Amino acid sequence: MSAYIEDLDAALIAKAVKEGSISALEVAQASLDAIDKRDPQIHAFIQVTPELALKAAQDIDNARAQGKELPPLAGVPIAFKDNMHLIGSRTTCASHMLENYESVFTATAVQRMLDAGCVPVGKLNMDEFAFGSSTESSYFGHTCNPYDIERVPGGSSGGSAAAVASGMVPLTLGSDTGGSIRQPASFCGVVGFKPTYGMVSRYGIVAFGSSLDQVGPFGRSVHDVALAMNALAGRDERDCTSQPWNIDFTADLNSGVEGMKIGIVSSLNNAEGVEAEVVDAINKAAQNLTAAGAELVEVELPHAAAAIAAYYVLAPCEAFSNLARFDGVRYGHRPNDARDLADMTSRARAEGFGPEVKRRIMLGAHLLASGVYDKYYYPAQQVRALITEDYKKAYEQVDAILMPTSPHTAFKFGELSNPTQMYLSDMFTISLNIAGNAGISVPVGFGSASGLPIGAQLIGPAFQDHKLLRIAASLEASYEATQCAPGFTKKGGLLS
Ligand code: GLN
């Protein structure tokens with residue numbers, strides 16, 4: 001079978017490997033070649049893991065030769081955001097603090113993808129410790145958007161989105177605490193899914209905001225993302241928030257949206273700062289869903305405007321306690337000429353963390369101080385309850401809600417240099433993490449003015465993820481199939 005790696009999605013690769021029309025080794029080699037040729041321009045990878053990839057691929061080919069039944073994603077190259085532990089790789093969180101940290105165990109989500117037959121080709125760039133929306137804060141330098149290398153890929157899982165969009169791998173994992181899967185997916189023209197909180201184990205993912213973090217897949221189709229969810233979802237004894245779950249997410253993916261109700265929040269969609277081409281693309285997506293048989297219903301999310309403020313209290317507080325472990329004693333960078341313990345710890349942190357990480361830690365430390373806590377943390381929790389309630393009420397009327405993923409398309413490096421501007425750009429993604437619901441970004445074409453990819457976000461009630469994927473598949477079907485970015489087609493990674 002002769003094809004470029006970017007022309008094959010995960011479903012096609014697994015099918016071809018099972019049938020024997022390509023070997024897992026050939027696919028792994030094609031993906032590694034594509035990384036060699038394309039990544040110098042994109043810089044999606046922090047580490048490439050050819051030994052792990054070739055060994056896993058060889059194991060699959062051996063199993064096939066022995067007549068064993070192959071797992072569902074046999075031979076599919078995959079790469080992981082670099083906040084996910086994988087034995088045999090470093091897990092740096094794109095930070096100087098963990099620059100040389102070798103994983104001593106494998107995250108459950110990562111292990112489940114490997115058990116499903118995926119072949120690990122590397123670890124992906126991100127904002128340092130997942131704080132950010134552009135991947136510009138990585139200690140290892142930024143990742144470029146494959147649609148315009150002068151622009152950001154989004155973040156914090158920018159490497160995960162860019163690696164798929166440039167055709168180096170068909171499938172990646174990212175994590176989403178306030179939009180970090182959906183927003184980069186939107187900027188890079190790929191599908192990115194944040195499951196309901198509790199759907200996927202967080203064990204082995206370096207924690208940012210433990211009540212908000214969730215792992216999810218990136219792919220070029222909703223079907224590929226659903227296949228990944230089949231592997232990822234379910235209870236893990238090592239994460240007490242994970243829920244038992246065992247359904248086939250692909251089962252009714254093509255059943256359409258006839259008779260379903262899709263919510264529209266007009267006040268949000270037309271809010272200040274939302275670019276006209278984004279509004280147009282979302283209106284078009286709404287029409288397409290109507291044409292497929294859904295009914296549009298106006299809904300209200302009255303407390304949505306408070307989501308960013310609440311998040312920037314809750315998330316830094318959780319980050320502050322989660323990052324306390326990086327003290328140069330147990331983990332992380334350690335200055336070798338420290339005078340005493342206090343000097344060592346403070347210098348480990350001063351030298352090891354970048355500016356955005358320090359900003360979040362200081363914010364969290366302040367917000368949790370006695371006398372301050374009652375003024376901010378407590379009200380933020382109350383806002384959290386109100387937002388959760390808003391969504392519950394909305395879902396009494398509709399099956400899902402449609403809105404933009406981001407108010408704008410990918411911006412240029414340095415363009416949002418003021419942190420507050422960057423924080424405000426998460427206006428459509430954050431409330432979902434606060435409520436714990438599921439959300440997906442689906443490519444809905446390109447901006448009429450910018451020519452850059454636009455993502456539509458569909459969000460749905462907790463633990464109805466399979467239904468959300470079905471609605472997303474119906475929306476996706478009204479557009480041309482997602483390809484890799486035009487500058488990266490047929491640029492290496494050939495299967496012969
Ligand atoms: N952009 C948001 C932040 O910086 C969300 C990040 C994320 O989801 N990891 O906090």
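Both counts, for ligands and for their atoms, begin at 1 and track the order of listing. Both backbone and side-chain heavy atoms feed into the values below; hydrogens, waters and symmetry mates do not. From a predicted model like this one, the values you see are computed outputs, not experimental measurements.
Aromatic pair Tyr203/Phe105: centroids less than 6.0 angstrom apart.
If you look at ligand 1, the protein residues with a non-hydrogen atom under 4.0 Å away are Ala130, Phe131, Gly132, Ser133, Ser156, Asp176, Thr177, Gly178, Gly179, Ser180, Phe208, Tyr311, Tyr312, Arg360, Asp426.
The side chain to side chain contact (heavy atoms under 4.5 Å, CB included) search around Arg384 returns Ser211, Leu212, Leu314, Glu318, Gln381, Thr388, Ile434, not counting sequence neighbours. Residues satisfying the salt bridge (charged side-chain N to carboxylate O under 4.0 Å, His left out) criterion with Glu102, sequence neighbours excluded, are absent altogether. For Ser186, the side chain to side chain contact (heavy atoms under 4.5 Å, CB included) partners are Thr405, Ser406, Ser441, not counting sequence neighbours.
Remark: of the listed residues Phe326, Phe129, Tyr139, Tyr139 is the sole one forming a ring pair (Phe, Tyr, Trp, His ring centres under 6.0 Å) with His96.
Heavy-atom contacts from other residues, nucleotides or ligands closer than 6.0 Å to CD of Gln464 number more than 12.
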